[in-house]
Amino acid sequence: MVLVAGAVGCTQTAKRVSGAKSPRSSVTSGQPPPCSPNPPPTAPPLHPTTVTTIGQAYYCVFAHYYAGPVLDDRVLLAAAFAGFTQELDRLGLDRPDAAMPALTGDRGRDWSAFAALYQKVASQLTASPAQRQALAAAALTGMIASLHDNHARWDYPAPPPGSVPGDLGMMTSPGYLLVNTAPEEALPPLFVTAVEPGSSAASDGVRPGDVIVSVNGAPPFADGIISDGVMNLLFGPYPQAGRVSVRLQRPATGRTWTVVLTPAFNQAAPSPGASPKLLHGDIAYVQLTGFFPGAADLALQLISGTAPGAKLHGLILDLRGNGGGAPAEVSRLLGAFTHGAAYTYDCDVHGSCAARHTDTSVPLLHLRLVVLTDRNCVSACDAFSGAVKDLRLGTLVGPEHELINGIGVVPDYYIPLTAQGLSTGHDPDIAKALTLLGG
């Protein structure tokens, strides 16, 4: 579920999940207009986020989040108020009358009480527009974080005026997701695993395998523990402005140097990643960086285009760094390997489940398959790699205990990725895949 805060409030991109209406859902005259079921085709004009938008997000969660029918509104509002007051304190604007109102469990009445106090406190502040926006953002962030769901968040539809998202154009091992979900598994060194073409990192000559020695003078690890501060500088929460100084060491040459990277907003259309390759004459290699709309058909086109008129012997599908996407694309791509097989189940809060099946309309490839994964393969990528293993469609090659919402799918072959190997141009995952396919 993604809430998008815009000019007049929120839209949401999650499907409504069936369930009984909560008895604690009385509507008062203070309820804001409902959120729209789908995001607009273009981003709406941006205006300051107000209590109306926060209210839309509140009611949008109840209307469209899978557990909405049974959620206790007091959990959402207590977390929103905590975010609001913590931001007041951080900005030096704390007030003695900023005290949580009494909540009863009635969604309408509780929202009215929260909104009245929020507006009362906000009206008495001598705060800048940027500070008021930060307070609203903190309330929204706290509210959505209280769901404890890594698929629920709120986003701006476009960068607010004057802001710069924190995108330096590179991925690392350990990655940002691992550091957030299982920091105890993050082991040194911190090194670059991929660089986005055209990014600040690419322009400054950063390459896969480069070891990150320090960021703004701070080492990535202290006593073997990964630094949240360093990771936030490299992959900072949106929006992030300012330049980042990164000290690098290249294992292949021993060179050590410093680059100053500038975060940039990447509005490029989704790409499948690296160009497809034909390896050893009869093995197709295709990298897919996300299951965005049309990704399955694009991947299939790339596979067929690697050896026009020639017979392929196998396929290496590289999902390392794949950030997930649309479940329909997973079903469609799996359909190129098996038809009509149940590979996952979607369940509502009452335990009613519906199976998802692989697409039967896609022509079967009849190719031996090796899938490359890593700890940055998440969400829909988890679903695809898990289905490949469960349905015995191919072989998984990647790091041990690939994360699936913190539980894990163990690859068939554990191949550690090292800075030395990447720096010298050796990809052990691809080498193992070629061996498995007989290439």
Side-chain angles (χ1 to χ4, degrees), residues 43 155-156 158-179 188-220 226-227 229-277 285-290 292 298 302 318-323 374-377 417-427 430:
D155 289 331
Y156 291 98
S163 70
V164 181
D167 186 359
L168 301 177
M170 61 184 178
M171 296 179 66
T172 64
S173 177
Y176 189 65
L177 175 69
L178 176 67
V179 171
L190 179 66
F191 61 94
V192 178
T193 57
V195 178
E196 179 73 20
S199 65
S200 179
S203 299
D204 281 278
V206 179
R207 297 178 186 172
D210 288 345
V211 175
I212 297 174
V213 178
S214 65
V215 179
N216 285 1
I226 189 71
S227 167
V230 164
M231 295 301 285
N232 282 332
L233 286 169
L234 293 174
F235 307 97
Y238 174 87
Q240 171 181 292
R243 307 173 80 192
V244 180
S245 175
V246 182
R247 185 76 172 165
L248 299 166
Q249 190 267 337
R250 183 161 293 165
T253 63
R255 177 192 176 198
T256 301
W257 77 108
T258 300
V259 296
V260 179
L261 305 178
T262 302
F265 182 54
N266 182 11
Q267 288 182 296
S271 91
S275 299
K277 305 172 187 176
Y285 166 89
V286 171
Q287 183 183 24
L288 194 65
T289 59
F292 46 84
L298 179 57
L302 293 173
D318 191 345
L319 299 184
R320 293 174 297 184
N322 185 299
D374 66 4
R375 291 192 179 278
N376 294 314
C377 167
L417 194 65
T418 67
Q420 179 69 35
L422 285 177
S423 186
T424 56
H426 174 68
D427 191 321
I430 292 179

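Here the structure is a predicted model, which is why all the values come from computation and not from measurement.
A donor-acceptor pair under 3.5 Å links the side-chain atoms of D374 to the main chain of G321, judged by distance alone. Side chain of T253 to main chain of R255: a donor-acceptor pair is present (N/O by atom type, distance under 3.5 Å, no hydrogens or angles).
Residues M170 and L261 meet the side-chain proximity criterion, which asks for heavy atoms closer than 4.5 Å. A heavy-atom distance below 4.5 Å is not found between the side chains of T256 and L248. Contact of the L190 side chain with the P174 side chain is registered, since non-hydrogen atoms from C-beta on lie closer than 4.5 Å. Side-chain contact between V244 and N216: present, with at least one pair of heavy atoms (C-beta onward) separated by less than 4.5 Å. Residues V246 and I212 form a side-chain contact, since some pair of their non-hydrogen atoms from C-beta on lies under 4.5 Å apart. In this structure the side chain of V206 reaches within 4.5 angstrom of the side chain of V192, judged on heavy atoms. Counting heavy atoms from C-beta outward, P208 and T193 have side chains that stay 4.5 Å or more apart.
Smallest separation of non-hydrogen atoms from G217 and S214: C-CB, 3.9 Å. The minimum heavy-atom distance between R250 and S423, with the atom names listed, is CG-OG, 3.5 Å. The heavy-atom pair separating W257 from D210 by the smallest distance is CH2-OD2, 3.7 Å. Across all their heavy atoms, V230 and P219 have their closest contact at CG2-O, 3.5 Å. When all heavy atoms of L168 and P263 are compared, the pair lying nearest together is CD2-N, 3.7 Å. Heavy-atom minimum distance, V211 versus P251: CG2-CG, 4.0 Å.
A distance of 5.5 Å separates CG of L298 from CZ of F292, quoted to the nearest 0.5 Å. Rounding to the nearest 0.5 Å gives a distance of 11.0 Å between OG of S203 and CD of E196. In this structure, CG in D204 is found 9.0 Å from OG in S199, a value given to the nearest 0.5 Å. Between atom CD1 of residue I430 and atom OH of residue Y285 there is a gap of 4.5 Å, rounded to the nearest 0.5 Å.
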(request) Apply the test salt bridge (Lys or Arg N to Asp or Glu O under 4.0 Å) to residues K277 and D318: give CA-CA distance (whole Å), side-chain angles for both, the deciding distance (0.1 Å), then the verdict. (result) CA-CA 11 Å; K277 305 172 187 176; D318 191 345; over 6 Å; no
(request) In sequence, state the C-alpha distance, the side-chain angles, and the governing distance for N232 and Y176, and then conclude on side-chain contact (heavy atoms from CB on, under 4.5 Å). (result) CA-CA 8 Å; N232 282 332; Y176 189 65; 3.3 Å; yes
(message) side-chain contact (heavy atoms from CB on, under 4.5 Å), that's the test. Do F235 and T172 meet it? Break it down for me.
(response) CA-CA 10 Å; F235 307 97; T172 64; 3.6 Å; yes
(request) Go through T418 and F191 one step at a time and tell me if the side-chain contact (heavy atoms from CB on, under 4.5 Å) criterion holds. (result) CA-CA 8 Å; T418 67; F191 61 94; 5.5 Å; no
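In this structure, a donor-acceptor pair under 3.5 Å is present between the side chains of T258 and R247.
Taking 4.0 Å as the cut-off between side-chain N and carboxylate O, R320 and D427 count as a salt-bridged pair.
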